[in-house]
Protein chains: 2
Amino acid sequence: MTRHQLNATAASLLGFLHDGPLTGWDLVQTAQREIGDFWSLTQSQVYRELAAMAEAGLVEAGERGRRERRPYSLTEAGRAAFAEWVGREPGAETIRFPLLLTVLFGRHLPAGRLAEFLEAHRAVHAGRLADYERQHRDAVAAGAVDAAPYAVATLEFGLAYERAVLDWFDRLPSAINRDGARDGTAPAGPR
Amino acid sequence: MTRHQLNATAASLLGFLHDGPLTGWDLVQTAQREIGDFWSLTQSQVYRELAAMAEAGLVEAGERGRRERRPYSLTEAGRAAFAEWVGREPGAETIRFPLLLTVLFGRHLPAGRLAEFLEAHRAVHAGRLADYERQHRDAVAAGAVDAAPYAVATLEFGLAYERAVLDWFDRLPSAINRDGARDGTAPAGPR
DNA sequence: TGGTACATGTAACATGTTACATGATTAG
DNA sequence: CTAATCATGTAACATGTTACATGTACCA
């Protein structure tokens, strides 16, 4: 039981363990699926947090199963620590968006380069939006709006976010957006 | 000249130094104003990166001025390193939004608590949106759309983002949003 | 003369990233 | 048999956060 101000990553793992024991691997998959879109984490971190929480008595490692699987389960202390954490005022969000740095410093880029970056990123966001829309359709069809309203709400955040980002891409002035000003010669033509 | 794969934070500092020498303090202010909304950084980091970049020959410390101010200026190596960085494909954005974790785990919260959090955060975002809108009006009035289109574009990202977030807050189902289900007794009344 | 904003920096620690090492099991 | 996937973990390092220590200059 070392010093422990539960961090959000660790707390989330405890959150997932409320539905039953999970292995590190399971937790990585679950976390990436459930919160990966607004809370990035890596496999390494999960194992490290699990080890630390086991040390602190917040989780307990069970018997190894097939393939060396080692399930962790929530202890009473873990349940209490989670409850304490979830009741605390959540902190401000942090966004780190490298593309916007590149945009801000766009005047240092050769003509068209920025437009290439923008196009590539736009495609990624369009793909993500399409994926969220599919997930949302499925969720609604499955009745998740009543059954799992909290998960639907976070998914809807993703939808709102991706729509806003796409809209931003589409409203960028052509001076920034077109791979244009390409020496003032012919436009790039349809894609 | 130690090993150096320029990171985005350091690169941004170099970016700002293109407009002339700045002290650590200046850089902290500038960075927080220009990129703070989509690239968080702290004062400590700035001084550390400056020291590392001075060591690596990317910047040069000048004479101390009044109040121990120590201006840093860009070297040729720094200019080259920045140019290399800005031409690289920007990485994916990372978002870390603690409130969404709390929402996802909302079923573990006592009734009304989540609604309090949502209300507090909504207010923060509303304030930020108002601020962006004011900045944007000022920028447009000052002719920045032509003079500083890149900065305006990043500001417009902020606008799009905050509008999307507010819209999301406003569309949350009342089961999540109202400080409601408060024992099923009387609603909290108008705000 | 005392408080506040300016200004620089360090230390200690927490968190995040990348790369690697190792082995089990399954599908083809 | 062998490649892919499942699964756990460590090591090394980079980055981010918080707290503190120190001192300057302005202004009320």
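Each chain gets a letter, A, B and so on, in the order its sequence line appears, and its residues count up from 1.
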According to the interplanar angle, ranging from 0 to 90°, do the rings of His18(A) and His108(B) count as parallel (below 30°), tilted (30 to 60°) or perpendicular (above 60°)?
-> tilted
Quick one, which residues of residues 40-48 of chain A touch DNA chain C with a heavy atom under 4.0 Å?
-> Thr42(A), Ser44(A), Gln45(A), Arg48(A)
Taking only heavy atoms on the protein side, list every residue of residues 81-95 of chain B lying under 4.0 Å from any atom of DNA chain D, sorted numerically.
-> none
Sub-4.5 Å side-chain heavy-atom contact between Tyr161(A) and Ile95(B) | yes
Take atom CD of Glu49(B) and atom P of dT8(C), then tell me their distance rounded to the nearest Å.
-> 16 Å
Are Asn7(B) and dA14(D) close enough that a side-chain N or O sits under 4.0 Å from OP1 or OP2?
-> no
Arg128(A): what forms a salt bridge (Lys or Arg N to Asp or Glu O under 4.0 Å) with it, not counting sequence neighbours?
-> Glu162(A), Glu93(B)
With a cut-off of 6.0 Å (strictly less than), are more than 12 heavy atoms of other residues, nucleotides or ligands near CZ of Arg171(B)?
-> no
Could you give the CG-to-C1' distance, from Leu50(A) to dT15(C), as a whole number of Å?
-> 15 Å
Thr23(A) side chain reached by Tyr72(A) side chain, heavy atoms, under 4.5 Å = no
Residues that, via side-chain heavy atoms closer than 4.5 angstrom, fall in one hydrophobic cluster with Val124(B) | none
Counting just side-chain N and O atoms, does Arg70(A) come under 4.0 Å of either OP1 or OP2 of dT8(D)?
-> no
Using the six-membered ring wherever Trp is involved, compare the ring planes of Phe97(B) and Phe157(A) and label them parallel, tilted or perpendicular (cut-offs 30° and 60°).
-> perpendicular
Got a sec, which residues hit ring pair (Phe, Tyr, Trp, His ring centres under 6.0 Å) with Phe105(A), two or more places apart in sequence or on another chain?
-> Phe16(B), Phe82(B)
Just how far is it from atom CG of Asn7(B) to atom CD of Gln45(B), taken to the nearest 0.5 Å?
-> 8.0 Å
Strand-adjacent residues in residues 16-39 of chain A, judged by heavy atoms under 4.0 Å from DNA chain D | Thr23(A), Gly24(A), Trp25(A)
Could you go through the side chain to side chain contact (heavy atoms under 4.5 Å, CB included) check for Ile35(A) and Leu100(B) one step at a time?
-> CA-CA 8 Å; Ile35(A) 62 177; Leu100(B) 293 179; over 6 Å; no
